[in-house]
Each structure stands twice: as C-alpha cells, then as structure tokens.
There are 2 protein chains.
Amino acid sequence: MPRKRTELDRDEKVEQILDYAVGLLRNGGHEELSVNRIARDLGLSRAAVYWYFPSRDELFTAACARLFADAFSGPPARGGVASRIRWGVDRFAAIYDVYAALLERAPTEQAAADLLRAFDQSLCRRLTDLLAPHVAADQLDGVVETIVVFVEGLLGRRLPAAERNRRLTTALDVLVPEH
Amino acid sequence: MPRKRTELDRDEKVEQILDYAVGLLRNGGHEELSVNRIARDLGLSRAAVYWYFPSRDELFTAACARLFADAFSGPPARGGVASRIRWGVDRFAAIYDVYAALLERAPTEQAAADLLRAFDQSLCRRLTDLLAPHVAADQLDGVVETIVVFVEGLLGRRLPAAERNRRLTTALDVLVPEH
DNA sequence: ACCTGAACACCGTTCAAGT
DNA sequence: ACCTGAACACCGTTCAAGT
C-alpha cells in the first residue's frame with residue numbers, strides 16, 4: 001500500500017521534529033525553539049520544516065502538549081495533603097517558563113488556549129480529589145480555583161524552591177486551615 | 001558652563017528615547033520595544049541608541065520603571081475593601097504583559113529584579129494598610145502575601161475583566177471572610 | 001509529495017571610521 | 001563626545017524551482 005507507506009514516513013518525520021523540539025524546550029525554553037535551529041540540527045533546509053508545521057507557533061504548541069503530558073507522569077507523591085501539593089508544584093515549576101510562554105500566545109492562538117484549558121482542568125480535577133475530605137463542600141470549588149491560580153502566581157516569581165515552599169505553606173495555612 | 005550644557009543635552013536625549021520606548025511598551029508590549037524601531041522613528045542610526053543605553057534589556061527595564069510609576073498614579077478608588085482591591089487589580093492588568101516580560105528577565109538581570117522587588121513591596125504595603133482593620137494581626141502578612149501572588153496568577157490568565165473580577169471575588173471570600 | 005535555494009523583512013550588537 | 005555605515009550572526013516566512 002503505497003499511500004499508507006507515505007503517511008507512515010510523514011508521521012515519522014513529524015515525530016522526529018517534535019521530539020527534537022521538546023528537547024530544545026526542555027533545555028532553553030521557548031526562546032531556544034527555533035525553526036532554523038531545528039532545520040540545521042536535523043539536516044533539513046529551513047523551509048522544509050514548514051512542510052510539516054505551518055508556523056513556529058503551532059510547532060511550539062504541539063511540543064508543549066508533549067512536554068506537559070510528560071511533566072506529571074510517574075507515581076504521585078505519598079504523604080499528607082501539603083506534601084502532595086508540593087509535589088505537584090515542583091513538577092509544575094519544572095515546566096513553568098514554557099507554560100508562561102504559552103499563556104502569552106493563548107489570546108491569539110486557539111490551539112494554545114485549548115491546551116491550557118485542558119491542562120488547567122486536569123490540575124483542578126486532581127486538586128479537587130485531594131482536598132475533598134478536608135474542605136467544606138460549598139467552599140471546595142472556590143478553594144481549588146484559588147490555589148491553582150495562586151500557584152501560577154507563585155511560580156511566576158521564579159523563586160528558589162525553599163522560598164517557594166515557604167510561601168506555599170503560608171497560603172495553604174490560610175486556605176485550608178485544618179489539613 | 002559647557003560641561004553642564006553637554007550633560008543637559010545628554011539627559012534630554014535619554015529622556016526622548018525613554019519616552020518613546022514607554023510609548024512602544026504601552027502599545028505593543030515588550031515585543032514592540034525594538035532598538036531598530038526606536039532608531040528609525042527617532043531619526044538615529046541603530047548604533048547611536050547604544051551610546052545612551054548599553055542594551056535592549058536595560059532600556060526595557062528603564063522604560064518599565066516609568067510605566068509602573070505611572071500605572072498606579074491618580075486618585076485611588078473609594079468604597080469598600082473589595083472594590084478598592086478591584087481598582088488596583090484593574091490598574092495592574094493594564095501593565096501585566098510588560099510585568100510578565102520583566103519577570104522573565106529578572107533571574108539574569110539585576111536591575112529588573114530590583115525594580116520588581118520595589119514594585120512588589122509597594123503593592124504589599126498598600127494592601128496591608130487596606131486590610132489591617134479586617135484581618136487578624138497574626139494572619140495579616142500571610143493573607144497580603146497570598147492575595148498579591150494570587151492576583152499575579154489571575155492576571156497571567158489574561159481573562160476578560162468580568163471573569164477576572166468573578167474569580168477575584170471568590171478568592172477574597174475565602175481569604176478575607178468578614179469584609 | 002517533498003525539499004532546496006534564494007529572497008524578504010526583520011532582529012541585537014559591535015566596531016572602525018568620521019566630526 | 002557623539003554618531004554613522006557596514007558588518008556579523010541571527011530570526012520567521014514565502015515561493016519559484018527542482019525531483
């Protein structure tokens with residue numbers, strides 16, 4: 001089947017570009033993800049990349065989806081509520097710079113907005129399950145929403161992990177008094 | 001006094017460049033602040049700008065200082081605690097994109113970090129004065145810190161003003177119960 | 001269908017040379 | 001002291017031309 005064969009080749013090439021893009025994202029963030037750089041390192045002409053991705057922004061968004069999916073994989077932390085939340089925050093911190101770059105693009109790029117929405121919902125769901133036994137039912141949604149937004153603000157500061165955890169603890173003491 | 005005259009001329013030129021840079025920042029944010037653009041529009045060669053500012057980043061930080069100082073000028077809002085906080089958040093929202101760009105540079109640029117620190121302290125001081133009558137003294141610092149960080153997270157979402165205010169209200173209900 | 005080479009319109013920064 | 005012109009090393013994107 002020659003048609004199938006071609007599609008497979010194409011998928012492999014897309015895969016190769018995407019994988020390399022994720023690597024660049026992990027190292028140097030959004031700035032380092034350059035079409036020229038990918039083409040050079042992969043032995044293509046710059047224009048060839050545009051055969052597989054219509055723009056740098058769409059390639060960036062696709063690479064973000066991969067990165068985010070990987071970020072929260074692995075076994076979640078054990079222990080109390082606070083230490084489980086800290087685990088999630090640490091994972092989030094590792095990808096925050098890329099997340100912030102995506103936030104910046106979301107107003108003008110639908111795919112970016114969709115990915116962020118899905119990511120946010122996934123965070124809220126996990127946190128809701130975690131906090132349900134410790135927060136009054138009529139306050140649960142508000143507390144979850146507030147914590148997630150607070151954590152994003154906290155990560156924006158790019159503080160050292162110790163100071164970040166101090167502030168997180170302070171906030172959790174106020175928001176979830178009996179945990 | 002020829003020496004004085006020269007310094008004045010220099011200050012005027014610095015002023016002119018800075019003013020124009022702030023204008024670019026107000027319109028298109030960090031992306032639009034380009035050395036080439038400034039040189040072209042002001043009738044200079046690109047290299048001439050570097051006689052007054054050592055790099056694009058330092059020019060950006062200097063322009064940010066101007067922008068932030070202007071942002072919270074004017075009479076503060078009247079009314080209850082919630083509506084005064086909303087006023088501040090709306091002002092903050094107007095400069096948030098620039099603020100986020102500065103946050104990104106703070107880890108590698110001292111001047112940016114200093115400006116952000118001063119800005120943050122000013123916000124915390126104002127909010128502390130506002131909340132002192134409504135929050136227990138031993139919780140005041142924690143609540144103020146949490147609200148400021150929450151607001152930064154909220155602005156990062158770049159939501160429409162109505163949705164932003166909804167979420168702010170939800171958070172304030174949790175954080176400042178009897179306001 | 002897939003890819004190249006060249007072009008276009010941009011960047012920030014440096015530096016020898018001019019006044 | 002102040003400024004220019006040219007150069008360097010980058011960007012993202014488009015497109016006619018090749019296979």
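No hydrogens, no waters, no symmetry mates; every other heavy atom, side chains included, goes into these values. Reminder, nothing fancy here: chain letters follow the sequence lines and each chain counts from 1.
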Considering all heavy atoms of both residues, which atom of A:Leu154 and which atom of B:Val149 are nearest to each other, and what is their separation?
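Nearest heavy atoms, A:Leu154 then B:Val149: N-CG1, 3.1 Å.
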Do you know which two heavy atoms are closest between A:Thr61 and A:Leu115, and how far apart they sit?
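Closest approach of A:Thr61 to A:Leu115: O-CD2, 3.7 Å.
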Pairs counted only when both distances fall under 3.5 Å, Watson-Crick or G-U: show me the 5' to 3' dot-bracket for DNA chain C, [ ] for pseudoknotted crossings and | for other-strand partners.
||.|||||...|||||.||
Residues in residues 47-65 of chain A with a heavy atom under 4.0 Å of DNA chain D, by number, are A:Ala47, A:Tyr50, A:Ser55, A:Arg56
To the nearest Å, how far apart are [X] [atom1] and [N] [atom2]?
X	N	atom1	atom2	value
A:Arg40	C:dT4	CZ	C1'	17 Å
A:Glu31	C:dC11	CD	C1'	13 Å
B:Arg105	C:dG12	CZ	P	12 Å
B:Ile17	D:dC2	CD1	C1'	12 Å
B:Leu33	C:dC11	CG	P	11 Å
B:Ile38	C:dC10	CD1	C1'	15 Å
B:Lys13	D:dA1	NZ	P	17 Å
B:Leu44	D:dA1	CG	P	19 Å

Got A:Phe119 and A:Ile95 here, is their nearest side-chain heavy-atom distance under 4.5 Å?
yes
Does [X] have a side-chain nitrogen or oxygen under 4.0 Å from the phosphate oxygens OP1 or OP2 of [N]?
X	N	result
B:Asn36	C:dC10	no
B:Arg46	D:dT4	no
A:Ser34	D:dG12	yes
A:Ser45	C:dG5	no

Let me know which of B:Phe68, B:Trp87, B:Tyr99 forms a side chain to side chain contact (heavy atoms under 4.5 Å, CB included) with B:Phe92.
B:Tyr99
Report the distance from atom CG of A:Leu18 to atom CZ of A:Phe53, rounding to the nearest 0.5 Å.
4.5 Å
When you look at CZ of B:Arg117, are more than 12 heavy atoms from neighbouring residues, nucleotides or ligands closer to it than 6.0 Å?
no
For atom CD of A:Glu31, decide whether the heavy atoms of other residues, nucleotides or ligands shown that lie under 6.0 angstrom number more than 12.
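No.
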Can we say B:Arg66 and B:Glu15 salt-bridge, meaning some charged N sits less than 4.0 Å from an Asp/Glu carboxylate O?
yes
Sidechain-backbone polar pair: A:Arg26 side chain, A:Leu24 backbone, donor-acceptor under 3.5 Å
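No, the answer is negative, given that no donor and acceptor are paired below the 3.5 Å cut-off.
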